[in-house]
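Starting from 1, each residue takes its place in the sequence as its number. Just so you know, ligand 1 is whichever comes first in the structure, and atom 1 is the first atom listed for that ligand.
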Amino acid sequence: MALEKGLSDLFALEIVAPFQDESLRAQNPLCKVPALVLEDGETVFDSGVIADFVDGLSEPRLIPTEQPARRRALTLEAAADGMGDASVLIVRERMRPEGEHRPDLFERQQRAVDAALDLFTTALADGGLSHDRFEIAEIAVAVQLAYQDVRRVSDWRAGRPALSDWFERVAKRTSMVATHATVT
Ligand SMILES: N[C@@H](CCC(=O)N[C@@H](CS)C(=O)NCC(=O)O)C(=O)O
């Protein structure tokens, strides 16, 4: 959001490992990233709230202000964020010893990921996700598709050529390249 709005100079990036570094909990009781710490120490989380705050710093807005566009964009953002939550659970579960895997957890979270991907495909077809604009819904979906790749959560491109083509294009944006994650 900051890069897309040309506001990235206002922010300093600090890398934190949320599962290892308990010091993050002093800022965010949930001990999750992202968390935005303001100059006076106030902390803002989670990603949707941070995006809303950053969007309000300048025009043009990347979160629509008028209904029904606003609720539709924020619902797609919620689906993308939820797909991220499901994906983190899948990745964490895979890290457990194989004998301790809980198939019911895998199955439920994978269904959430698959259904969210199907929703994004529909949204691309009906204009809920734009081929021209790159606003809150497109940002949220694009970063979660990138996460699918980085953590190899799912083979999401299979059977979804339109979503795959769309991601191919948006992944080349400066903001996406600059924030591309690698697994350490
Ligand atoms: N809904 C949150 C999700 C944030 C999230 O789950 N971040 C992960 C990144 S791995 C995390 O910090 N997890 C730590 C944990 O679940 O304890 C957001 O959009 O900010």
For a quick test of your reading: what N or O donor-acceptor pairs under 3.5 Å do the side chains of residues 94-106 make, sequence neighbours left out?
{"from": "Arg94", "atom 1": "NH1", "to": "Arg152", "atom 2": "O", "distance (Å)": "2.9"}
{"from": "Arg94", "atom 1": "NH2", "to": "Val153", "atom 2": "O", "distance (Å)": "2.7"}
{"from": "Arg96", "atom 1": "NE", "to": "Glu100", "atom 2": "O", "distance (Å)": "3.4"}
{"from": "Arg96", "atom 1": "NH2", "to": "Glu100", "atom 2": "O", "distance (Å)": "3.3"}
{"from": "His101", "atom 1": "NE2", "to": "Glu93", "atom 2": "O", "distance (Å)": "3.1"}
{"from": "His101", "atom 1": "NE2", "to": "Arg96", "atom 2": "O", "distance (Å)": "3.0"}
{"from": "Arg102", "atom 1": "NE", "to": "Glu93", "atom 2": "OE1", "distance (Å)": "3.3"}
{"from": "Arg102", "atom 1": "NE", "to": "Glu93", "atom 2": "OE2", "distance (Å)": "3.1"}
{"from": "Arg102", "atom 1": "NH2", "to": "Glu93", "atom 2": "OE1", "distance (Å)": "2.5"}

Before accepting this row, confirm whether a basic side-chain N of the pair Glu66/Arg70 lies closer than 4.0 Å to the acidic partner's carboxylate O. no
Quick one, list the residues around ligand 1 where some non-hydrogen atom comes in under 4.0 Å, by chain and residue number. Pro18, Phe19, Cys31, Lys32, Val33, Pro34, Asp46, Ser47, Asp85
Please list, one pair per line, the donor and acceptor atoms closer than 3.5 Å that link side chains of residues 44-56 to other protein atoms, with sequence neighbours excluded.
{"from": "Asp46", "atom 1": "OD1", "to": "Gly48", "atom 2": "N", "distance (Å)": "3.4"}
{"from": "Asp55", "atom 1": "OD1", "to": "Lys5", "atom 2": "NZ", "distance (Å)": "2.8"}
{"from": "Asp55", "atom 1": "OD1", "to": "Leu62", "atom 2": "N", "distance (Å)": "2.7"}
{"from": "Asp55", "atom 1": "OD2", "to": "Leu62", "atom 2": "N", "distance (Å)": "3.2"}
{"from": "Asp55", "atom 1": "OD2", "to": "Ile63", "atom 2": "N", "distance (Å)": "2.8"}

Contacts under 3.5 angstrom, residues 73-81 side chains, donor-acceptor by atom type, not counting sequence neighbours:
{"from": "Thr75", "atom 1": "OG1", "to": "Arg71", "atom 2": "O", "distance (Å)": "2.7"}

Inspect the contact between Asp85 and Lys32 and indicate whether a charged nitrogen and a carboxylate oxygen are less than 4.0 angstrom apart. no
So does Ser130 get a backbone contact from the side chain of Trp166, meaning a donor-acceptor N/O pair under 3.5 Å? yes
